[in-house]
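Comments concern the structure below.
No experiment lies behind these values; they were computed from the predicted model shown.
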Amino acid sequence: MNAVGDYLNAECEIFREGIQSEIYVDKSELIAVTNRYIKTQQKYICISRPRRFGKSMALSMLSAYYGCDGDTAHLFEDLKICKDATYHTHLNQYNCIQLNIQEFLSDTDTVEEMIAEITRFLLDDFKKAYPEVHFRKETSLVWIMKDVYLNTERPFIILIDEWDCLFREYENDVDAQKKYLDFLRMWLKDQAYVGLAYMTGILPIKKYGSHSALNMFYEYSMIDPGRFAPFFGFTQEEVRVLCEQYHMSVEETAAWYNGYEMEYKMSSGFVTPLQKIAIYSPKSLVESLKRGKYGTYWNQTETYEALRTYIQMNLDGLKDAVIVMLSGGSIAIRTGTFINDMTTFVNRDDVLTLLVHLGYLSYNESDGTVSIPNREVGMEYENVVRVLPWKEVANSLHNSQKLLEGIWNMDSEQVAAGVEQVHQEVSILQYNDENALSYTVGLAFYVAREYYTIIRELPSGKGFADVCMIPRKLYVDKPALLIELKWNKTANGAIEQIKKKNYPVALQEYQGNLLLVGINYDKDRKKHSCTIENCTFG
């Protein structure tokens, strides 16, 4: 493919490098989804995902596929899209514009200069590609593209990366933001030359008042990914194949990088059931596979200062929500009041919604809750807690290893004393039922997630265990834990309940040592007690 310019039917080198890389996951079926929207009322698409979730690579793939200045079939001949019925219909059939707004924003001082530079550079590409076209108004991108379309009758595929970067760099300049949105609206809305407008960024489209300046766009975000859910991040099956290839543990990989659960449906129709899909951070997974070890890789794109900035606002009990999530719980939120910028926050729900879009929280659409997705992101919260004036929470995290070792050593007095200390120091953990008690235990044994798969309310023989911890395969020397929590009863009674309900039946496939742990809180004495027993199957 011989590109005629930097932005019109540009060179597809980035996509070529991607498919030639050591680790490449075929996401070409995304093209089948975008094909169905070309020249329809759904042709305006805005994809928002966290950093390093594959947005730019997908955009480069679309550019290589749609651009008309050359034959790129050889790049796709081994990919899944070749089997789709629409593949040949749209291959290399469009004038394709690919822009990264960050490039222009960094090169100019004002939004007016940025818009003028975009217009000037695109005009230069158009003149090279179509020297015969007479441009009636060279300062207007709308008229420039109308003239090209009038002469070629070839629709445009417009691909915009980092579309929202202006809202991050001009975060307090409302006038600049509105000028930028007005430019996009005039350029794209109701224009016959638009075959498809596809934007990617971190944030959904900015809202002003009761409507958006770009209300023609259909948005697909971390809150509501729609049909685009499988194409950004790696799926469970894709991860399984890669782990086998690189001899990495699927279970351990999931603990570190899984946790973004999304709901979507691929086929149309109201009767089509929603499917749930687990999404992994691609940046983290690729780095882990290449290095052969687990660690924090996704967050290398920015420091924990970004997370710290929002958490320390403590709007409307935000600190309490973070503590609950650190303890393994989830928080119900309403996402509707978030106006899609990084400065306007009315309540804690707005902050939590932003953290979903940034990838620091996972959103469960089924019950409208958020939680910390995995070990990697959890470590970012740990880093933040240790530098904030949350000394009591930091102490709890620091002492967590000792408490866990207390259970392993069956030292019930140490465990009871440790849980007691967490309860006394962390003000939110003042409770009056077993559910609240579980948050105290979750925070007290925070470090357990390094060794265990933790299941709350594990279905068992005749009831539910409050917390079940099953050691992952790398830690088979550790005992499994069944923890029953009681409020104003007895720790021994909790152990008896475990036995009566036949809880260990739920662990029949587990081969190893099992400890039964009963923890009770006496509301009159305001004391915790603990009983630990070793259990053998059969």
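With sequence neighbours excluded, the residues satisfying side chain to side chain contact (heavy atoms under 4.5 Å, CB included) with Ala229 are Pro225, Met262, Tyr264, Ile277.
Without hydrogens or angle criteria, Arg375 side chain to Ala254 main chain gives no donor-acceptor distance under 3.5 Å. Within the 3.5 Å criterion, the main-chain N or O of Gln102 finds a donor-acceptor partner in the side chain of Ser106. Looking only at distances, a side-chain donor or acceptor of Gln177 sits under 3.5 Å from a matching main-chain atom of Tyr170. For Asp522 (side chain) and Lys527 (main-chain N/O), no donor-acceptor pair under 3.5 Å exists by modelled atom type. Not one N or O on the side chain of Asn409 forms a donor-acceptor pair closer than 3.5 Å with the backbone of Asp411. Using modelled atom types, one side-chain atom of Tyr510 and one backbone atom of Asn513 make a donor-acceptor pair closer than 3.5 Å. Looking only at distances, no side-chain donor or acceptor of Glu252 sits under 3.5 Å from a matching main-chain atom of Leu474. Between the side chain of Ser400 and the backbone N or O of Ala444, at least one donor-acceptor pair lies under 3.5 Å. Without hydrogens or angle criteria, Gln401 side chain to Val447 main chain gives no donor-acceptor distance under 3.5 Å.
With ring centers used as reference points, Trp408 lies under 6.0 Å from Tyr451.
Below 30°, between 30° and 60°, or above 60°: for Phe231 and Phe228 the angle between ring planes is above 60°, a perpendicular geometry. Ring geometry for Trp256 against Tyr294 counts as parallel: the plane angle stays under 30°, on a 0 to 90° scale with 60° as the upper cut. Relative orientation of the His528 and Tyr521 rings is tilted, given thresholds of 30° and 60° on the angle between their planes.
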What's the verdict on side chain to side chain donor-acceptor pair (under 3.5 Å) for Tyr246 and Glu22, showing C-alpha distance, side-chain angles and the deciding distance? CA-CA 11 Å; Tyr246 283 83; Glu22 176 185 347; 3.0 Å; yes

Before giving the answer on salt bridge (charged side-chain N to carboxylate O under 4.0 Å, His left out), spell out for Glu496 and Lys486 the whole-Å C-alpha distance, their side-chain angles and the decisive distance to 0.1 Å. CA-CA 12 Å; Glu496 290 304 313; Lys486 289 299 177 185; over 6 Å; no

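Applying the ring-ring contact (aromatic ring centres under 6.0 Å, His included) test to pairs two or more places apart or on separate chains, those with a residue in residues 305-358 are Tyr310-Phe345, Phe338-His357.
Here the side chains of Met222 and Leu361 are not in contact, with every heavy-atom distance at 4.5 Å or above.
Around atom CD of Glu244, more than 12 heavy atoms belonging to other residues, nucleotides or ligands sit under 6.0 Å away.
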